[in-house]
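Letters A, B, ... are given to chains in the order of the sequence lines, protein chains preceding strands, and every chain is numbered from 1.
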Amino acid sequence: MSNQDLAKLFRNVAAAYSIKDEKKFRFQIIAYQKAADTVSNLTSEIIDFYKDDKLNTLPGIGVTIKSHLEELFKTGKVSHFEWALKGIPEAVFPLLDIPSFGPKKAYRLVKEFHLNNPKTVIKDLEEIASRGKIAKLDGFGDKSQSDILRAIAEFRLGKGKKTRMTLPYAMEIADKITSYLKLSKDVIRAESLGSLRRRMPTVGDIDIAVATNNSKSVIEYFTGYPYKERIIEKGDTTSSLLVSGGKQVDLMTQPPEAFGALLQHFTGSKNHNIHLRELSLKKGLSLSERGIKNLSKKGLPIQNYDSEEGFYEAIGLQWIPPEIREDTGEIELASQKKLPELIKLSDIKGDLHIHSNFPIEPSHDLGQNTIDEMIQKAKSLKYDYLGFSEHNPSISKHTSNQIYSLLKRRTLKIEQIMSDNKDVRILKLLEIDILPSGNLAIDDKSLNLLDGAIVSIHSTFNMNKADMTERVLKGLSHKKAKILAHPTGRMLNERKGYELDWSKIFEYCKKYNKALEINSWPGRLDLPDMIIRMAVNTKVKMVINTDSHAVLEMDNMKYGIAMARRGWATRDDILNTLSYNEFYKWLKK
DNA sequence: GCCGTTTTCGGCCCGACTGTTTTCAGTCG
């Protein structure tokens with residue numbers, strides 16, 4: 001059973017509990033939802049945690065759920081889940097994927113209309129609604145009937161939150177809307193928050209906070225946004241739009257003197273906020289987006305905070321960088337004022353993964369700009385060094401002698417440029433395929449032309465975890481191989497990537513001075529943040545590269561930095577914060 | 001059902017919006 005299947009099963013159990021007795025099972029419902037979130041965010045398969053007896057290390061998985069999982073992996077089923085799901089028609093569950101459908105509404109409709117086929121339930125319900133039968137039910141009306149029809153139509157088109165945006169795309173939409181908002185005289189500040197501010201690799205919806213003394217006017221202005229498809233909701237202080245492209249934008253407002261609490265609330269994450277609020281309750285404080293209520297002093301007005309720093313300070317915490325607000329230990333450290341100083345963009349001294357258009361007839365895509373153009377860009381970024389690492393020349397189209405002469409030409413070109421240019425030091429690298437056998441794609445004679453090699457997987461992704469780990473370790477075993485590029489091979493929204501045995505990879509990297517790449521390409525963002533965090537904890541060194549195929553892409557470094565920060569990396573964890581001499585020394589180690 | 005720098009028992013975040021209702025249930029973030 002895949003992680004996503006298991007997460008779905010947990011959510012179904014939670015939904016079944018909601019339908020049967022929401023009050024009685026209130027905390028079980030929360031527990032199963034949390035377990036579902038945990039499982040769906042794992043970076044390796046849940047069954048591996050079971051095999052290694054590590055299930056109890058996962059947040060939200062305690063004694064009971066652990067024993068259910070053990071039963072699942074031993075027998076293929078869980079008698080408790082069968083009991084919990086008993087009496088709930090299977091057709092309820094597909095409806096839960098549609099926005100605005102919760103367990104109660106889905107169950108009610110399935111029961112009323114005897115919808116028993118989970119494969120056709122959405123279409124069946126649509127037919128019933130279009131024949132006007134839902135409006136006649138108690139508690140429903142014409143509006144809810146037409147809302148259901150629209151919800152189904154939008155769900156089919158993949159609108160709303162179903163498909164997640166890459167970071168740059170989300171930033172572009174957010175910038176457009178905040179710029180629009182700032183044109184209103186009532187908007188004092190407008191900021192994009194939520195998962196975008198936390199720099200999640202993908203973003204589901206855009207969250208925007210506005211400071212204003214006239215919420216009503218701002219909401220009017222917001223809902224008049226010219227590029228909207230429709231208004232989802234419109235209240236006194238908050239509103240939501242569906243904008244063109246089918247993405248949802250949520251707006252919240254507060255007066256400027258209370259804006260700090262809103263920033264904090266709307267940045268999240270949900271788990272971070274829940275933990276913060278539970279912690280504060282124990283101190284007699286109740287937190288919300290409006291401010292802080294002192295529960296022991298009844299009648300006292302809510303305390304306002306204009307800044308987020310002030311809000312965190314009021315509950316005895318150090319300000320926490322948004323990227324790590326995921327409730328994975330940051331609150332505990334902030335209360336001791338011991339948060340690490342996360343890496344910043346200005347710490348970066350060089351980029352090692354650059355594809356120029358120098359014609360070495362590579363196995364994969366060539367860059368679009370010349371070596372000189374890339375160096376000029378590096379200069380503007382104030383880098384001390386730049387590593388050229390085009391893909392190796394194609395091995396199916398060239399003999400090893402031809403590969404050598406292609407690389408030799410590139411070497412001469414780089415050396416000529418180096419003699420003319422003293423501002424940016426240049427490293428002669430190459431991105432080399434690790435073949436399915438684990439061998440590198442080019443031979444030692446060619447490899448000896450290089451200062452070092454970046455190695456990576458570009459074919460035969462479907463190997464199992466043990467074999468892929470062997471393959472990667474064999475690839476890294478060459479003396480010149482120093483960096484493993486885009487280590488999981490994932491492509492966001494496209495492919496999951498292959499599995500590796502991280503403890504083996506980490507151990508090897510430490511022992512033989514190899515580094516893992518954090519690839520800043522927005523469609524990759526690979527390593528994933530959780531694996532960066534593991535690498536940081538085990539003191540494995542990393543580099544942050546852009547993998548640029550064009551000058552403009554060299555600005556993508558900020559996305560890799562964001563991932564490194566999400567993984568709690570400091571300057572010391574990242575090798576391309578080193579000076580040229582120190583980095584070169586590491587390369588030759 | 002989970003969890004622990006007040007607790008191994010007894011807690012468990014907080015608020016907004018909508019539709020169908022005359023005070024609330026359901027959904028969402």
Asker: So with a 6.0 Å cut-off around CD of A/E257, is the heavy-atom count from everything else above 12?
Answerer: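 Atom CD in A/E257 is packed in, count exceeds 12.
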Asker: Counting heavy atoms from C-beta on, name the nucleotide in B/dA16, B/dT27, B/dT18 closest to the side chain of A/K105.
Answerer: B/dT27
Asker: Write down the protein N/O and nucleotide N/O pairs, taken from nucleotides 2-5 of chain B, whose separation is under 3.5 Å; answer none if there are no such pairs.
Answerer:
residue, atom, partner, partner atom, Å
B/dC2, OP1, A/G62, N, 2.6
B/dC2, OP1, A/G62, O, 3.4
B/dC2, OP1, A/I65, N, 3.2
B/dC2, OP2, A/T64, N, 3.2
B/dC2, OP2, A/T64, OG1, 3.3
B/dC3, OP1, A/G60, N, 2.9

Asker: Is the NZ atom of A/K216 crowded by more than 12 outside heavy atoms at less than 6.0 Å?
Answerer: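 No.
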Asker: Does a nitrogen or oxygen in the side chain of A/H265 sit under 4.0 Å from OP1 or OP2 of B/dC13?
Answerer: no
Asker: If you look at every strand shown and take non-hydrogen atoms under 4.0 Å, does A/Y17 touch a base, only sugar-phosphate, or nothing?
Answerer: sugar-phosphate
Asker: Let me know which of A/K270, A/H272, A/R198 forms a side chain to side chain contact (heavy atoms under 4.5 Å, CB included) with A/E326.
Answerer: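 Exactly one option meets the side chain to side chain contact (heavy atoms under 4.5 Å, CB included) with A/E326, and it is A/R198.
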Asker: How many whole angstroms separate atom CD1 of A/I29 from atom P of B/dC13?
Answerer: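 It works out to 14 Å between those atoms.
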Asker: Could you measure between the two P atoms, the one in B/dG1 and the one in B/dT7, and give it in whole Å?
Answerer: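 After rounding to an integer number of Å, I get 25 Å for this pair.
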Asker: Mapping A/E233 and A/G102 onto DNA chain B by nearest heavy atom, which one lands closer to the 5' end?
Answerer: A/E233
Asker: Check whether the aromatic ring of A/F27 stacks on the base of B/dC12, taking stacking as ring centres less than 5.5 Å apart and planes within 30° of each other.
Answerer: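 Yes, A/F27 stacks on the base of B/dC12.
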Asker: Could you tell me whether A/K338 atom NZ has more than 12 heavy atoms of other residues or ligands within 6.0 Å of it?
Answerer: no
Asker: With A/E278, which residues qualify under side chain to side chain donor-acceptor pair (under 3.5 Å), at least two apart?
Answerer: none
Asker: Please confirm whether the shortest side-chain N or O distance from A/R290 to OP1 or OP2 of B/dA16 is below 4.0 Å.
Answerer: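 Answer yes for this pair, as a side-chain N or O of A/R290 is under 4.0 Å from OP1 or OP2.
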Asker: Counting only side-chain nitrogens and oxygens, does A/S100 get under 4.0 Å of the OP1 or OP2 atom of B/dG26?
Answerer: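 Result: no.
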Asker: Take atom P in B/dT22 and the same atom in B/dG15, then report the distance between them in whole Å.
Answerer: 26 Å
Asker: Output the rounded distance in Å from CG (A/D147) to P (B/dA25).
Answerer: 20 Å
Asker: Looking only at side-chain atoms of A/E278, point me to the closest of B/dC12, B/dT27, B/dC14.
Answerer: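 Of the options given, the side chain of A/E278 lies nearest B/dC12.
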Asker: Could you check whether A/S335 gets within reach of a base, just the sugar-phosphate, or nothing at all, counting any heavy atom under 4.0 Å?
Answerer: nothing
Asker: Would you tabulate the nitrogen or oxygen pairs shorter than 3.5 Å linking the protein to nucleotides 21-23 of chain B?
Answerer:
none

Asker: Check this for me: does any side-chain nitrogen of one of A/R533 and A/D573 sit under 4.0 Å from a carboxylate oxygen of the other?
Answerer: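 Judged by the 4.0 Å cut-off on N to carboxylate O distance, A/R533 and A/D573 do not form a salt bridge.
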Asker: Round to the nearest Å and state the distance from A/L281 atom CG to B/dT7 atom P.
Answerer: 17 Å
Asker: Please report, rounded to the nearest Å, how far the C1' atom of B/dG15 is from the CD atom of A/Q264.
Answerer: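 One finds 14 Å between C1' of B/dG15 and CD of A/Q264, rounded.
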Asker: Within the side chain of A/K558, is there an N or O that forms a donor-acceptor pair under 3.5 Å with the backbone of A/L345?
Answerer: no
Asker: Let's see if you can work this out: which of B/dC17, B/dG15, B/dG1 has an atom nearest to the side-chain heavy atoms of A/T238?
Answerer: B/dC17
Asker: Return the value, rounded to whole Å, for the distance between atom NZ of A/K143 and atom C1' of B/dC17.
Answerer: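 Roughly 12 Å, once rounded to whole Å.
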Asker: Could you report the tightest heavy-atom contact between A/N3 and A/E45, atom names first, then the distance?
Answerer: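 The answer is OD1-OE1, 3.4 Å.
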Asker: If you look only at pairs with a residue in residues 179-235 of chain A, which of them pass as a ring pair (Phe, Tyr, Trp, His ring centres under 6.0 Å), with sequence neighbours excluded?
Answerer: A/Y180-A/Y221, A/Y180-A/Y225, A/Y225-A/Y227
Asker: Taking only the side-chain heavy atoms of A/S144 (C-beta and beyond), determine which of B/dT27, B/dG15, B/dG19 contains the nearest atom.
Answerer: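 The answer is B/dG19.
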Asker: Assign the ring pair A/Y32 / A/Y17 to parallel, tilted or perpendicular, where the plane angle (0 to 90°) is split at 30° and 60°.
Answerer: tilted
Asker: Rounded to the nearest angstrom, tell me the gap between atom CG in A/D97 and atom P in B/dT27.
Answerer: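 Answer to the nearest Å: 14 Å.
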Asker: Give me the distance, rounded to whole Å, that separates B/dT20 from B/dT27 when you measure between the C1' atoms they each carry.
Answerer: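 After rounding to an integer number of Å, I get 15 Å for this pair.
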Asker: Surrounding CD of A/E70 (heavy atoms of other residues, nucleotides or ligands, distance under 6.0 Å), is the total greater than 12?
Answerer: yes
Asker: Evaluate the side-chain proximity of A/F10 to A/H68: yes if any heavy-atom separation is below 4.5 Å, no if none is.
Answerer: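 When only atoms from C-beta onward are counted, A/F10 and A/H68 do not touch, as no gap falls below 4.5 Å.
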Asker: Quick one: are A/L167 and A/R199 in side-chain contact, heavy atoms under 4.5 Å?
Answerer: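 A side-chain contact exists here, since the closest heavy-atom pair is under 4.5 Å.
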Asker: For the pair made of CG in A/D142 and P in B/dT18, what is the distance, rounded to whole Å?
Answerer: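 Answer to the nearest Å: 18 Å.
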Asker: B/dC3 and B/dC13: how far apart are their C1' atoms, nearest whole angstrom?
Answerer: 16 Å
Asker: Given B/dG26, is OP1 or OP2 found less than 4.0 Å from the side-chain N or O atoms of A/K104?
Answerer: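 For B/dG26, OP1 or OP2 has a side-chain N or O of A/K104 closer than 4.0 Å.
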Asker: Between the side chain of A/T212 and the main-chain N/O of A/D186, is any donor-acceptor distance below 3.5 Å?
Answerer: yes
Asker: Going by heavy atoms in the side chains, are A/K74 and A/Y50 under 4.5 Å from each other?
Answerer: yes
Asker: Only one of A/E308, A/R277, A/R290 passes side chain to side chain donor-acceptor pair (under 3.5 Å) with A/H265; say which it is.
Answerer: A/R277
Asker: Please report the distance, rounded to the nearest Å, between CD in A/Q33 and P in B/dC13.
Answerer: 12 Å
Asker: Using the C1' atom in both, what is the distance from B/dT18 to B/dT23, to the nearest Å?
Answerer: 15 Å
Asker: Distance check, P atoms only: B/dG10 and B/dA16, in whole angstrom units.
Answerer: 33 Å
Asker: Heavy-atom contacts under 4.0 Å between residues 267-277 of chain A and DNA chain B, which residues?
Answerer: A/I274, A/R277
Asker: What interatomic distance, in whole Å, is found between P of B/dC2 and the corresponding atom of B/dT6?
Answerer: 23 Å
Asker: When you measure from the side chain of A/R490 to the backbone N and O of A/R524, does any donor-acceptor pair fall under 3.5 Å?
Answerer: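 Yes: the side chain of A/R490 pairs with the backbone of A/R524.
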Asker: Nearest heavy atom decides the nucleotide; on that basis, is A/F266 or A/L295 closer to the 5' end of DNA chain B?
Answerer: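 Closest to the 5' end, via its nearest nucleotide, is A/L295.
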Asker: Only Watson-Crick and G-U wobble pairs with both distances less than 3.5 Å should count. Give DNA chain B in dot-bracket notation, marking inter-strand partners with |.
Answerer: ((((....)))).((((((....))))))
Asker: Is the shortest side-chain N/O distance from A/S239 to OP1 or OP2 of B/dC17 below 4.0 Å?
Answerer: no
